[in-house]
Amino acid sequence: MFADRVLSGMRPTGSLHLGHYHGVLKNWVEMQQEFECLFFVADWHALTTHYDTPQVIGQSVWDMVIDWLAAGVDPARATLFIQSRVPEHAELHLLLSMITPLGWLERVPTYKDQQEKLSEKDLGTYGFLGYPLLQSADILIYRATQVPVGEDQVPHIEFTREIARRFNHIYGREPDFEGKAEAAVKKLGSKKAKLYAELRTRFQQQGDDGALESAKALLGEQQSLSLGDRERLFGYLEGGSKMILSEPQAMLTKASRMPGLDGQKMSKSYGNVITLREDEESVSKKIRTMPTDPARIRRTDAGDPARCPVWKLHEVYSSEDTRQWVQQGCKSAGIGCIECKQPVIAGVLEEQKPMRERAQQYLDDPTLVRNIIADGCEKARKLATETMRDVREAMGLSYS
Ligand code: TRP
Ligand code: SF4
């Protein structure tokens, strides 16, 4: 049905704000139109850094899912689930840990960075070191092809690709690889097929390296082979392996430039956020009390939007006409700051209106949210189970 499968996760560490909306959720909402999408609450990931404050997780999980739904993530299109309700993630994490070199984990840039940034916490834990591998398990267990992430997470996707490659190298065998390889042999035409088979047998049974070379040369001359068949026939000579886990692509989301109330990037740690479903009164008040160009002490002092955090919000929310009105009015002291802020207040409220409306039904009836997640977990689990069957078998665990 879909060629691509998109997977992304978010940590439940507090309520979402407009920065999350512009940076991530809008993108999810677009992608669900085009791709098969799985979005999950990364509650185990939250524990890797917040292991000593587990109480925040429970409440944040449901608030966050409501925020997603409010933003327009559609449970009829996307599968929404909670990581810890699909325990297969943990099993894959464990199994992958067997083949993960410690050095690879230590070299992931976020490892040292985060330890330094969150220096008040002891992040010298096994769980924290292994967190990129947990992320790899999250991705590989669904055979996701696309992972939307910000720039800081790209090394995690690269790491995941390396793990997949290493796994396939050690354990890989294409389902019905032999059948496909045999079919490819036939395509060589009867004479060459016979020669190929003879050379292969001589190499495999007698270790005749010359036969291997001849067979490779024979394949090299075949112009009409498809790339896939060529790779199968080369692989088939020596034994051959193929993908069990597929390598995902990072889908780089444009960095959110969503400005906060003080002109810096909107972030909880700067205390400059407007939350996704913040009530109207509070939104108006926050914007009304935003700092402006410090040069405008009196109403009659001219200002410069380039030095004003409110202008950055006009860049997000206002039409070209309004922006011209701001530029002109600010520089000539033709408008006051309170006046200037009105269109921004209106813009934010308008953006939030459908979100508040969508959220209402879920606030009124929390079982709706519980059911959406229960459904999603079940679907996710089905997919995860399929991959785990192949992984267990490849790793020698499906004996009876
Ligand atoms: N590590 C991501 C973050 O901190 C969250 C995450 C966990 C994730 N597993 C994932 C994102 C898998 C994409 C795919 O933001
Ligand atoms: Fe900022 Fe608008 Fe006031 Fe100019 S008029 S300083 S852009 S709030």
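Nothing fancy with the numbering, it's 1 onward along the sequence. Ligands are counted one by one from 1 in listed order, and the atoms in each one are counted from 1 as well.
- Counting atoms of ligand 1 from 1 in the listed order, those under 4.0 Å from a heavy atom of V147 are 13 (C), 14 (C).
- Between F39 and W28, the ring planes lie parallel to each other; the angle is under 30°, not in the 30° to 60° tilted range.
- At a 4.0 Å heavy-atom cut-off, ligand 1 does not touch Q83 at all.
- The nearest protein atom to atom 4 (O) of ligand 1, hydrogens excluded, is given as R11 NE, 2.9 Å; this is a heavy-atom distance.
- Using a distance-only test at 3.5 Å, with no hydrogens or angles considered, no donor-acceptor pair links the side chain of Q146 to the main chain of L7.
- Numbered from 1 in the order shown, with element, the atoms of ligand 1 that lie under 4.0 Å from a heavy atom of H45 read 7 (C), 9 (N).
- A cation-pi arrangement, defined by a distance under 6.0 Å to the six-membered ring centre and an angle within 45 degrees of its axis, is absent between R11 and W44.
- In this structure, the protein non-hydrogen atom closest to atom 12 (C) of ligand 1 is Q135 CG, 3.6 Å.
- Protein heavy atom in closest approach to atom 6 (C) of ligand 1: G9 O, 4.0 Å.
- Numbered from 1 in the order shown, with element, the atoms of ligand 1 that lie under 4.0 Å from a heavy atom of D138 read 7 (C), 9 (N), 10 (C).
- Around atom 3 (Fe) of ligand 2, the protein N, O or S atoms closer than 2.8 Å are C337 SG, listed by chain and residue number.
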Stepwise salt bridge (charged side-chain N to carboxylate O under 4.0 Å, His left out) test for E315 and K312: CA-CA 5 Å; E315 292 187 307; K312 294 192 182 169; over 6 Å; no
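- Geometrically, R5 does not engage F35 in a cation-pi contact defined by less than 6.0 Å to the ring centre and at most 45° from the axis.
- For the ring pair (Phe, Tyr, Trp, His ring centres under 6.0 Å) test, residues two or more places apart in sequence or in another chain that qualify with H17 are H20.
- Between R161 and E158 there is a salt bridge, since a side-chain N of the basic residue sits under 4.0 Å from a carboxylate O of the acidic one.
- When non-hydrogen atoms are compared, ligand 1 lies under 4.0 Å from the side chain of Q153 (C-beta onward) but not from its backbone.
- Under the 6.0 Å cut-off for aromatic ring centres, Y142 and H89 qualify, their centroids lying closer than that.
- Using cut-offs of 30° and 60° for the angle between ring planes, the Y236 and Y196 rings count as parallel.
- In this structure, E393 does not pair ionically with R389, as no charged nitrogen and carboxylate oxygen lie closer than 4.0 Å.
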